[in-house]
Amino acid sequence: MAIKMPELPEVQTVVNGLKPMIIGKKIIRIKPIWHKVLENFNESIFENNPQAHEIIDVTRRAKFIILHFTGKILAIHLRMTGKLFVTKKNNIPIHCTVVVFFESGERLVFEDTRKFGRMYLYTDFLNIDSRHGIEPLDEVFTETWLIEGLKNRKRNIKSLLLDQSFISGLGNIYVDESLWYAGIHPFSKSNMIPLQNIINLREGIILILQKAINSRGTTIIDFTFLNGQSGNYSKELKVFGKNKKPCDKCSDIIFKTRVAGRGTYVCASCQEIFV
DNA sequence: CCATGAACCTGGTCGC
DNA sequence: TGCGACCAGGTTCATG
């Protein structure tokens with residue numbers, strides 16, 4: 001039931017799991033436990049108005065989980081350690097930052113050890129949509145789009161791929177995995193990467209994300225979620241977290257370094273530096 | 001435009 | 001066993 005880890009596949013997994021559980025339910029109250037969790041609204045908006053707060057859809061945009069009402073959306077960002085689960089129990093677990101109460105008696109609990117996660121209320125989906133870049137699993141994420149995008153910037157490639165206003169949904173794990181797939185060293189500059197590597201990068205991003213979604217993400221805690229199934233993609237990782245281990249392709253030793261302020265895993269034999 | 005580092009938080013791990 | 005240093009899959013903001 002509780003899910004951890006928030007890149008695109010994990011957020012999509014949460015959305016897929018949440019959908020059948022909360023669509024059609026009406027919110028009667030939102031109770032913040034951590035005072036900063038509601039970023040841009042007050043819980044009083046949700047008091048005494050369940051008819052206006054029936055959840056009509058649950059979707060994902062970038063790394064946001066979005067609950068749709070008529071004329072309103074509630075956007076949830078898990079950040080580093082956020083987890084969501086639906087329960088009928090009335091205890092408030094440790095590290096819970098907010099509880100959403102449904103008319104049915106069930107609750108949506110937001111657990112978040114580091115307290116970075118937030119909820120946002122908007123009247124318009126465009127508000128979130130316009131601040132984020134292309135969805136990598138959307139058909140408009142074409143070779144041409146990526147070629148142009150990389151050419152038009154002179155940026156460290158890892159930093160660019162992590163930039164949510166460029167491509168939305170990628171995080172530290174899947175960027176490292178995608179760069180390894182495409183044979184691109186994370187030290188590379190976006191405008192210096194050869195055509196074939198860019199084509200491979202796009203292919204890698206799509207394949208890896210799709211496979212990770214099919215595996216229900218890299219990590220999921222708590223087996224009671226999604227009928228007891230758990231995330232499996234950690235078994236498929238090729239470089240991330242593989243410090244001092246042999247590379248799958250060439251058996252050279254993978255090492256850990258730091259790029260764009262993030263821990264970064266590289267096979268120096270398979271991944272070429274383009275600068 | 002781009003890179004870097006700090007800030008927001010808590011807990012796990014590693015070395016001594 | 002204890003303790004400090006460092007790290008963590010995210011994002012934003014200030015600074016050079």
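Labels below follow one simple rule: chain letters A, B, ... track the order of the sequence lines, proteins then strands, and each chain is numbered from 1. From a predicted model like this one, the values you see are computed outputs, not experimental measurements.
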Among [options], the nucleotide that comes nearest once only the side chain of [X] is considered:
X         : options                  : result
Glu7(A)   : dA8(C), dC8(B), dG10(C)  : dG10(C)
Lys115(A) : dT11(C), dC9(B), dG9(C)  : dC9(B)
Thr218(A) : dC2(B), dG9(C), dT11(C)  : dG9(C)
Arg79(A)  : dC7(C), dT11(C), dC2(B)  : dT11(C)
Arg155(A) : dG10(C), dC9(B), dA3(B)  : dA3(B)
Thr113(A) : dG9(C), dT10(B), dC2(B)  : dT10(B)
Ser159(A) : dA3(B), dC2(B), dG9(C)   : dA3(B)
Arg258(A) : dG11(B), dA8(C), dG10(C) : dA8(C)
Met80(A)  : dC2(B), dT10(B), dG10(C) : dG10(C)

Which is true for [X] with a 4.0 Å heavy-atom rule: it touches a base, it touches only sugar-phosphate, or it touches nothing?
X         : value
Gly171(A) : sugar-phosphate
Lys256(A) : sugar-phosphate
Tyr174(A) : nothing
Asp112(A) : nothing
Gly241(A) : nothing

(message) Donor-acceptor pair, distance only, cut-off 3.5 Å: does the side chain of Ser168(A) make one with the backbone of Gly133(A)?
(response)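 Side chain of Ser168(A) to backbone of Gly133(A): a pair is present.
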Can you tell me the distance, in whole Å, between the [atom1] atom of [X] and the [atom2] atom of [N]?
X         : N       : atom1 : atom2 : answer
Arg262(A) : dG9(C)  : CZ    : P     : 6 Å
Asn152(A) : dC2(B)  : CG    : C1'   : 15 Å
Glu39(A)  : dC9(B)  : CD    : P     : 11 Å
Ile94(A)  : dC9(B)  : CD1   : P     : 17 Å
Lys83(A)  : dG9(C)  : NZ    : P     : 15 Å
Arg216(A) : dG9(C)  : CZ    : P     : 24 Å
Asp163(A) : dG10(C) : CG    : P     : 13 Å

(message) Can you confirm whether more than 12 heavy atoms, excluding those of Lys249(A), are under 6.0 Å from its NZ atom?
(response) yes
(request) Could you check whether Phe116(A) and the base of dC9(B) form a stacked pair, meaning centres closer than 5.5 Å and planes differing by less than 30°? (result) no
(message) Less than 4.0 angstrom from a charged side-chain N to a carboxylate O is my criterion; do Asp129(A) and Arg61(A) meet it?
(response) yes
(request) Examine the side chains of Tyr174(A) and Glu10(A) and answer whether a donor and an acceptor come within less than 3.5 Å of each other. (result)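 Side chains of Tyr174(A) and Glu10(A): pair found under 3.5 Å.
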(message) Using a 6.0 Å distance limit plus a 45 degree cone around the ring axis, check whether Arg107(A) lies over the aromatic ring of Phe101(A).
(response) no
(message) Run through DNA chain B and report every stem of 3 or more consecutive Watson-Crick or G-U pairs, distances under 3.5 Å, ordered by first number.
(response) B:2-8 with C:10-16, B:10-16 with C:2-8
